Protein chains: 2
Amino acid sequence: MSYTYKYPRPAVAVDCVIFGYDHRLEEPDLQILLIERKLAPFKGKWALPGGFVQMNETLDAAAARELKEEAGIEKVYIEQLYTFGEIDRDPRGRVLSVSYVALVNLEKHRPSAGTDAEAAEWFSLNKLPPLAFDHKTIVKTAIERLRGKVRYQPIGFELLPDEFTFTELQNMYETILQRTFDKRNFRKKMDSYGLLIDTGGMRRGKPNRAAKLYRFDGKRYKTLEKRGFLFEL
Amino acid sequence: MSYTYKYPRPAVAVDCVIFGYDHRLEEPDLQILLIERKLAPFKGKWALPGGFVQMNETLDAAAARELKEEAGIEKVYIEQLYTFGEIDRDPRGRVLSVSYVALVNLEKHRPSAGTDAEAAEWFSLNKLPPLAFDHKTIVKTAIERLRGKVRYQPIGFELLPDEFTFTELQNMYETILQRTFDKRNFRKKMDSYGLLIDTGGMRRGKPNRAAKLYRFDGKRYKTLEKRGFLFEL
DNA sequence: ACAAAAGTGTTATGATTACACCCATGG
DNA sequence: CCATGGGTGTAATCATAACACTTTTGT
């Protein structure tokens with residue numbers, strides 16, 4: 001079977017930059033999920049999960065599908081990033097890449113084996129292997145988007161478990177933004193937004209004082225947002 | 001001549017939301033350049049300038065080409081906005097739209113006749129006609145991007161002539177952001193960035209005190225930006 | 001001389017920063 | 001009982017917001 005058109009058309013792929021964060025690490029870092037390519041081109045190289053857009057699915061749906069098929073990840077935060085269209089970005093011919101960014105908490109996505117049985121692995125951002133295609137550029141763009149957006153939209157919470165401590169929250173921001181915050185000032189500001197619900201639970205198990213667990217109040221945020229409230233770190 | 005592929009491919013178009021601003025108007029407003037479609041579908045309706053991506057041009061190049069061909073506009077600020085991929089957004093079949101935002105000063109682009117001899121007209125944002133395809137959605141997204149970005153990147157200057165007065169600058173921001181600023185505070189802040197060069201010229205001709213003309217110092221901005229400086233309105 | 005917009009400082013308020021000690025827990 | 005991270009307040013500084021009058025120009 002084949003498809004014929006009057007004018008040439010580029011192929012269109014979606015590629016996903018999946019950021020993972022593990023709040024339990026001593027020295028936490030941002031990680032990215034990569035899959036090892038089993039086919040040419042770039043056979044054996046690491047690449048972003050992705051694939052071609054089907055005719056009966058939207059771009060968002062294609063991204064969600066690839067996320068599930070290749071990375072075994074579902075129902076997470078995902079947003080469109082940018083569309084890359086350099087002429088020679090794919091040696092097979094003209095292929096556009098509509099890229100997406102997803103944010104997940106690593107605790108929930110440890111196994112990281114794709115259903116397609118491709119090797120999928122988390123890599124620290126500081127230790128990325130060489131990547132196929134122009135995926136290095138895509139990753140760079142994704143990091144810039146994350147760094148820029150995390151400061152004025154409460155998307156960072158997507159990287160944490162549902163319940164988290166103040167310190168875990170602060171570490172997450174410090175990791176992404178590559179800077180430190182004063183503990184008291186950080187808590188004061190977060191507190192002032194009234195977006196953290198005290199769950200009553202405690203993070204225990206370490207030889208120090210137990211820490212209170214909080215949950216992000218997404219409903220309240222949406223309400224406030226409509227009234228012109230701006231989350232800002 | 002025709003082109004055959006093993007798998008079906010969507011067609012890919014670029015569409016441009018061209019914002020124009022006229023600093024000389026009594027009650028300035030943001031405008032958008034639209035072209036009247038001469039062919040089906042949506043024949044006779046107004047639409048964003050755009051067209052299909054050629055195989056030998058990047059997306060940015062395609063956007064620049066359409067800008068020139070359909071709107072007669074060249075060498076202006078342009079950036080990619082978003083890629084729209086709803087399945088039924090084009091009645092002809094599956095067509096993705098990689099959309100772009102361009103910013104121009106109306107003074108320089110008055111004639112607004114496209115070289116393709118299509119009717120091209122500026123419309124006030126508040127008085128847009130019904131638009132073809134999903135172009136209303138694209139315009140809405142573009143406005144959100146402009147409103148969000150203008151506050152922390154000095155892109156607003158692209159809407160003004162090279163030389164402008166403080167009042168013109170303030171009016172431009174007030175128009176885009178739909179709010180007012182205190183004159184003294186606005187000048188104080190702008191002044192503090194040191195990004196405006198006094199050209200020595202004056203805006204004369206009105207029966208009131210002449211206003212000093214300034215120029216945006218793009219070079220200095222780039223230098224400061226690298227050192228971590230953040231423009232913020 | 002008048003109408004219209006240009007230009008200019010000061011004070012009050014709120015937000016941000018800097019900074020250090022006691023508390024609770026598990027081993 | 002000790003090591004470790006949790007939790008808390010205050011003062012100084014800086015940025016923002018509010019506010020009104022004099023100057024210059026063209027007609």
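As the structure is a prediction and not an experimental result, all values here were calculated from the model. Quick note on labels: first sequence line is chain A, next is B, and so on, each numbered from 1.
The stretch residues 162-184 of chain B comes close to DNA chain C through B:Thr167, B:Lys183, B:Arg184, each having a heavy atom under 4.0 Å from the strand. Across residues 202-210 of chain B, B:Arg204, B:Lys206, B:Pro207, B:Asn208, B:Arg209, B:Ala210 each have a non-hydrogen atom less than 4.0 Å from an atom of DNA chain D (numbered order).
In this view, B:Arg179 satisfies the salt bridge (Lys or Arg N to Asp or Glu O under 4.0 Å) rule with no residue, not counting sequence neighbours. Considering only residues two or more places apart in sequence or on other chains, A:Ala63 meets the side-chain contact (heavy atoms from CB on, under 4.5 Å) condition with A:Cys16, A:Ile78, A:Tyr100. When the salt bridge (Lys or Arg N to Asp or Glu O under 4.0 Å) test is applied to B:Arg151, no partner is found at least two apart in sequence or on another chain. Every side-chain contact (heavy atoms from CB on, under 4.5 Å) that A:Thr180 has, sequence neighbours left out, goes to A:Glu174. Residues satisfying the salt bridge (Lys or Arg N to Asp or Glu O under 4.0 Å) test with A:Asp134, not counting sequence neighbours, are A:Arg89.
Under the 4.5 Å side-chain criterion, counting only non-hydrogen atoms from C-beta, B:Phe231 is not in contact with B:Tyr152.
Listed by first and then second residue, the salt bridge (Lys or Arg N to Asp or Glu O under 4.0 Å) pairs involving residues 216-230 of chain A amount to none (not counting sequence neighbours). Pairs engaging residues 141-150 of chain A under the side chain to side chain donor-acceptor pair (under 3.5 Å) rule: A:Glu79-A:Arg145, A:Glu79-A:Lys149 [sequence neighbours left out].
Ring planes of A:Trp46 and A:Phe123: perpendicular class, angle over 60° (limits at 30 and 60°).
End-to-end axis angle for the helix from C:dA1-D:dT27 to C:dG27-D:dC1, using five pairs per end and rounding to 10°, comes out at 10°.
A salt bridge does not link A:Lys188 with A:Asp182: none of the charged nitrogens is closer than 4.0 Å to a carboxylate oxygen.
Taking the ring centroids of A:Tyr221 and A:Tyr193, they lie at or beyond the 6.0 Å cut-off.
Chain B approaches DNA chain C within less than 4.0 angstrom (heavy atoms of the protein), and the contacting nucleotides run 5' to 3' from C:dA3 to C:dT10.
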Any protein N or O atoms within reach of nucleotides 13-16 of chain D? Criterion: under 3.5 Å, listing atom names and distances.
residue	atom	partner	partner atom	Å
D:dT16	OP1	B:Lys189	NZ	3.2

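Screening B:Leu159, B:Leu160, B:Ile18 against B:Leu103 for a side chain to side chain contact (heavy atoms under 4.5 Å, CB included) leaves a single residue, B:Leu159.
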